[in-house]
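What follows is a single structure, written as structure tokens, with notes after it.
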Amino acid sequence: MTAPASAREALALVTDDFTELPTVEGPSAGDGPIGWPGYDRIRAAAAARSGESESVVCGTGTVGGTRTVLVSFEFGFLGGSIGEGAGARVAAAHAHARTHRLPVTVLLATGGSRMHEGMRALVQLQRLAGESALTRAAGLPQLAVLRDPTTGGGWATLGAGSDVVLALPDAQVGFAGSRVRPPDADPAAYTAASQLAHGHVDAVVPAGELRGVLGRWLSLLTRPARGPVPPPYALGATAPAASGREAVARARRPERPRADRYLAEVFTERAELSGDRAGGTDPGTRCGFGRLPDGRTAAYAAQCGTATRPAGFRTAARLVRLADRLGVPVLTLIDTPGAANDAEAERAGAGPAIAELFGAVAEARVPVTALLVGEGGSGGALALAAPGNTWATPDSYFSVIAPELAAAILKRPPEEADETADRLRLRPQDLVALGVVRGVVGARPTAGPGD
């Protein structure tokens, strides 16, 4: 299936029951707010070519069973540019979404602000950002689909400002359009693939799969679970560790169950966020929303056993804040030897990123449940812990510092690391006694006869 070329083709790609909202026009008339010579004629020609009276088409439609407000850009109308008329239509669409408690989905294809309206066009970006903020404050999700091209102020407001950002393959995506970039600019930097790699897009989705992916996201973001997520059952060892050194050895076993197995056990389907929106991704961190067996949604942030990078902490903070705004409870899975501490991590802001996640968890109004499933290495692990609602599996440990590093700091020989592990009281049962975790989870009960 090819990428949609027009606003209505994009709408047809995702819904079969689009209903257009009443047309709202901006105050511009004649040659527009700054008297651009021939602007009235230029608009008339654009309307004749595209079949649209403005650069956006707004309405409602059902995508994958969820009703949503849809805003689709018409690139054939003056390059999908944003002026007063487009601004008025998008503002009315957001107002309709808030009145009827509907999510907003924007199908973008734009070259940015409309030159023919000068600064009156540019300030529409503030208007769009304000409408988006009101919709965000109302607890309604906003999603964007980036078509070719998505550049300028449209990308910097309705696109990058959305909660979930999907892009079609080969879409040109960037703040700078093709005609205003430096002559030596690398064209590969202005692609959907590049934006995904650098943490600004959540997924690149083929046109033929867009309806299903968008429908899944809309469903997950609008059906929050009630109350906290119960801690998952243990999938690995169930007997308590006899010593600190044994607890550490268990948690470091390569074959121990990791986050992906726990997520597959908890959720029937998932959709993942990708990236910290600040230029980075961390493949060792999983963040997203998943469907529980009862059909309701919970959010998750999970470490996968590697040293967590700054982008991982920022992505997790992004996840927690979004879930909190949408009223979705959160499950975190803790499993890291610690925060990445190489020079690159320091330059990327390891400390500020961890602080950001600590703050997001502390400020969350929705219930957060945490399960320690492996290594709990210092502050890099504690950042995902839920105050007062953290649990542990029998094959895990939590420590103020790794035993080997503790021995080094205390100027003890490496062979004393095992003894240091015992002294740190890092076993799951020790953590319960210390009041750090609520309890140690067991295996799922085996169904008896007649159950």
Side-chain angles (χ1 to χ4, degrees), residues 199 229 231-232 234-236 247-248 250-267 270 272-276 280-290 298-323 330-342 345 348-351 353-362 364 368-387 389-402 405 426 428 431 436-437 441:
V229 181
L235 300 179
V248 173
R250 279 184 178 186
R252 291 177 177 174
R253 278 204 295 256
E255 67 274 14
R256 172 182 54 77
R258 306 283 169 162
D260 285 332
R261 281 188 58 188
Y262 278 94
L263 293 174
E265 185 76 11
V266 172
F267 298 110
R270 290 180 280 148
E272 292 208 346
L273 299 174
S274 177
D276 62 358
T281 61
D282 180 2
T285 304
R286 301 264 190 279
C287 294
F289 291 78
Y300 60 87
Q303 294 165 318
C304 298
T306 58
T308 305
R309 306 206 65 80
F313 292 115
R314 292 193 180 99
T315 305
R318 175 188 163 213
L319 179 281
V320 172
R321 291 196 187 99
L322 176 56
V330 179
L331 170 69
T332 68
L333 301 177
I334 302 166
D335 185 8
T336 179
N341 58 6
D342 53 79
I354 296 170
E356 185 177 349
L357 181 53
F358 269 124
V361 172
V368 180
T369 303
L371 178 64
L372 175 68
V373 300
E375 291 196 79
S378 194
L382 188 65
L384 264 74
N389 198 26
T390 295
W391 303 74
T393 62
D395 49 356
S396 66
Y397 79 87
F398 217 146
S399 179
V400 64
I401 191 170
L405 298 179
L426 45 72
L431 302 174
V436 175
V437 303
V441 298

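Every heavy atom of this structure was used, including side-chain atoms; hydrogens, water molecules and symmetry mates were not. Note that the structure is a prediction, hence the values are computed from the model and not measured. Sequence positions, counted from 1, serve as the residue numbers for this chain.
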Considering all heavy atoms, the nearest Ala383-Val361 contact: O-CG2, 3.7 Å

Any idea which heavy atoms bring Asp282 and Arg309 closest together, and the distance? OD2-N, 3.0 Å

Walk me through it: do Leu322 and Phe289 pass the test side-chain contact (heavy atoms from CB on, under 4.5 Å)? CA-CA 10 Å; Leu322 176 56; Phe289 291 78; 3.8 Å; yes

Look at the side chain of Thr336 and the backbone N and O of Thr306, then say whether any donor-acceptor pair between them is shorter than 3.5 Å. yes

When you measure from the side chain of Ser274 to the backbone N and O of Gly199, does any donor-acceptor pair fall under 3.5 Å? no

Which atom pair, heavy atoms only, marks the closest approach of Glu272 to Arg286? OE2-CD, 3.1 Å

Provide the closest heavy-atom pair for Ala247 versus Tyr397 in the form atom of the first, atom of the second, distance. O-CD2, 4.1 Å

Of all residues at least two apart in sequence or in a different chain, which pass the salt bridge (charged side-chain N to carboxylate O under 4.0 Å, His left out) check with Arg252? Glu375, Glu404

Is the closest side-chain heavy-atom distance between Pro428 and Ser396 below 4.5 Å? yes

Heavy-atom closest pair, residues Cys287 and Ala301: SG-CB, 4.0 Å

Value rounded to 0.5 Å, distance of CZ in Phe398 from CD1 in Ile334: 5.0 Å

Counting only N and O atoms by type, is there a donor-acceptor contact under 3.5 Å from the side chain of Asp395 to the main-chain atoms of Arg250? no

So, the side chain of Ser399 versus the backbone of Leu426: is there a donor-acceptor pair under 3.5 Å, distance only? no

Working to the nearest 0.5 angstrom, can you tell me the gap between Thr369 OG1 and Asn389 CG? 4.5 Å

Distance (rounded to the nearest 0.5 Å) between Leu384 CG and Leu333 CG: 8.5 Å

Decide yes or no on side-chain contact (heavy atoms from CB on, under 4.5 Å) for Asp335 and Arg256, but give the supporting numbers first. CA-CA 11 Å; Asp335 185 8; Arg256 172 182 54 77; 3.1 Å; yes

So Tyr262 and Leu331, side-chain contact (heavy atoms from CB on, under 4.5 Å) or not? Walk me through it. CA-CA 11 Å; Tyr262 278 94; Leu331 170 69; over 6 Å; no

Which heavy atom in Ala345 sits nearest to a heavy atom in Ala340, and how many Å separate them? CB-O, 3.4 Å

Separation between CZ (Arg314) and OG1 (Thr285), nearest 0.5 Å, reads 12.0 Å

Once you round to the nearest 0.5 Å, how far does OG1 of Thr390 lie from CG of Leu371? 9.0 Å

Which residues pass the side-chain contact (heavy atoms from CB on, under 4.5 Å) test with Ile401, sequence neighbours left out? Leu405, Ala406, Ile409

To the nearest 0.5 Å, how far apart are CG in Leu319 and CZ in Arg321? 11.0 Å

Quick one: does any side-chain atom of Arg258 pair with a main-chain N or O of Cys304 as donor and acceptor, under 3.5 Å? no

Under 3.5 Å: donor-acceptor pair, side chain of Thr332, backbone of Ala385: no

